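Worksheet for the structure shown next.
Indexing begins at 1, ligand by ligand and atom by atom, following the structure's order. Everything quoted here is computed from the prediction, not taken from an experiment.
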Amino acid sequence: MDIHSLDTPFLAVDLDIFERNLQVMADYCRQHQLRLRPHAKTHKSPWVASQQLRRGAAGITVAKPGEAEVMSVLQPAELLVAYPTIGEGKLRRLARIVQASEGRTRITISIDSNFAAQAIAMAAQAANVRFGILVELDAGLHRVGLTTTEELLALVRIVHALPGLEFDGLAFYPGHIKNNAGIEAAHADIARLLERNLQAVRKAGFAVPIVSGGSTPSWKWAHLIPELNEVRPGTYVYNDRNTIMGGACRMEDCAAVVVATVVSTAVPGQIIIDGGSKTFSSDRLNGAPDAGFGLLLEDHAALFHKMNEEHGYIDVSQCQRSFKVGDRVRILMNHVCVAMNLQERAYGFRQGQLEREWEIAARGKLQ
Ligand SMILES: Cc1ncc(COP(=O)(O)O)c(C=O)c1O
């Protein structure tokens, strides 16, 4: 089947670009001796995760137990829940994954509170399993993560003292780094922060096997942080318009687009496509909020400026070419991870021919 035969809107993945993205990251990590535990929040698909593991990923990162349950079908050696997991039911579900894997899958959770540590230890004991723990440090995003060395060290001590927990090391997420401007200085700041905190933890007598960070906008610079030994990029599998905007990829590295159909040209200077806010995310472009909800690849002068649930409004008054009802257009998403969560399936093409389709099995797994 070729790309023109599927009903729209659908999410098309160029398999050549997708495979190259996976390989480039795997090679970079190998070259710099970084463990790769990619974040599955972007693709939400066990098949994509299996392709990452096949290329040497040490494990898979998720945000929520529901995503962990979906990824557990692969029985990866490691599942990292890189999110403060609060709630007895959620911890019971994570323990069940460990039990069901009969020791094949180890689960690590990143935390920043005594509350979380105590609750995870209780869940571990109740289920007779052990959880790895990464203690989270705020590296500049000011979202989660401890902000002082004293607090960090105190939580490391608590984790060491609690039954059922194994201290794996430290985690941080450099989500404040969105583009290349000042990126080396930002990495030097993180390197200094880590050095200070690691020194204190090691001086107190604790080994720190893992220092986990990394993101897609900063991926090429991860090796500038000497203490970092693991990265968790997510978006890199497909890339998106934000990744181009931040300078971490080129247009030709973007593997995923939404293919839509022009359903109306009744208003002069405008086309309406058959996807709106239930197909694309409402995320604006980082640093360019007026640049619309996605880029029309057929003519970059078009402005995708408004959405209803099932209608996308595109101003084509500045375009060189004309569009008619029935035309198919390709939209490069601003933020692919959120758009992916809205789709049931992804369709993988090579040179315009459908090669495989896969379920986005962890879409909507928010708990
Ligand atoms: C904790 C954590 N780690 C890793 C990532 C991956 O970041 P990116 O998609 O920029 O690669 C995210 C993204 O939200 C995250 O929240």
Side-chain angles (χ1 to χ4, degrees), residues 18 21-22 24-26 28-29 34-45 48-49 52 57-65 67-68 71 78-86 107-112 116 132-146 168-180 183 186-187 190 210-222 225 228-249 253-256 281 283 285-287 333-341 362 365-366:
F18 161 79
N21 291 346
L22 295 191
V24 165
M25 187 64 76
Y28 169 83
C29 289
L34 288 162
R35 307 169 91 238
L36 175 60
R37 212 159 14 169
H39 207 310
K41 55 117 199 177
T42 302
H43 56 73
K44 288 179 164 274
S45 145
V48 175
Q52 294 172 311
I60 295 296
T61 297
V62 297
K64 299 293 181 68
E67 292 173 328
M71 296 302 151
E78 302 181 4
L79 271 174
L80 167 60
V81 186
Y83 196 92
T85 306
I86 306 296
I107 289 190
T108 297
I109 308 170
S110 58
I111 64 167
D112 68 359
I133 296 290
L134 291 175
V135 173
E136 180 120 14
L137 188 64
D138 175 19
L141 181 59
H142 310 319
R143 183 174 71 176
V144 298
L146 295 165
D168 282 4
L170 304 186
F172 67 93
Y173 173 55
H176 59 298
I177 300 176
K178 296 206 183 304
N179 59 51
N180 292 350
I183 200 161
H187 279 75
I190 295 174
I210 293 175
V211 179
S212 178
S215 69
T216 297
S218 68
W219 76 269
K220 291 178 199 161
W221 291 267
I225 303 176
L228 188 70
N229 61 16
E230 175 180 286
V231 289
R232 311 179 307 269
T235 307
Y236 80 98
V237 293
Y238 300 129
N239 290 314
D240 57 19
R241 206 174 167 211
N242 272 329
T243 318
I244 300 176
M245 192 72 179
C249 81
D253 302 320
C254 290
S281 87
D283 283 30
L285 194 60
N286 285 335
M333 292 149 279
N334 288 347
H335 188 178
V336 67
C337 314
V338 189
M340 198 62 64
N341 188 50
K365 302 290 182 197
L366 309 179

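The main-chain N or O of G213 is never found under 3.5 Å from a side-chain atom of S215 such that the two would form a donor-acceptor pair. No donor-acceptor distance shorter than 3.5 angstrom exists from the side chain of R37 to the backbone of E230, with no hydrogens or angles considered.
Atoms of ligand 1 found under 4.0 Å from any heavy atom of H39, numbered from 1 in the order shown, are 2 (C), 3 (N), 4 (C), 5 (C), 12 (C), 15 (C). Proximity to S215 (heavy-atom distance under 4.0 Å) selects the following atoms of ligand 1: 10 (O), 11 (O). For ligand 1 and P217, the ligand atoms under 4.0 Å from any heavy atom of the residue are 10 (O).
The proximity of R232 to ligand 1, defined as any non-hydrogen pair under 4.0 Å, involves the side chain as well as the backbone. Using a 4.0 Å cut-off between heavy atoms, H335 makes no contact with ligand 1 at all.
Distance from atom 10 (O) of ligand 1 to its nearest protein heavy atom, with residue and atom name: T216 N, 3.2 Å. Protein heavy atom in closest approach to atom 9 (O) of ligand 1: T235 OG1, 2.6 Å. Protein heavy atom in closest approach to atom 5 (C) of ligand 1: Y173 CE1, 3.4 Å.
Any N or O atom pair closer than 3.5 Å counts here, and C337 shares no such pair with ligand 1. Distances between N or O atoms of R143 and those of ligand 1 include at least one value under 3.5 Å.
Taken from OG in S212 to CG in N229, the straight-line distance is 8.0 Å, to the nearest 0.5 Å. The line from NE2 of H39 to CD of E67 is 6.5 Å long, rounded to the nearest 0.5 Å.
In this structure, the ring of W219 has its center no less than 6.0 angstrom from the ring center of Y236.
Here the closest heavy-atom approach between residue G234 and residue T216 is recorded as N-OG1, 3.7 Å.
For the side-chain contact (heavy atoms from CB on, under 4.5 Å) with T235, the lone residue among N21, N242, T243 that qualifies is T243.
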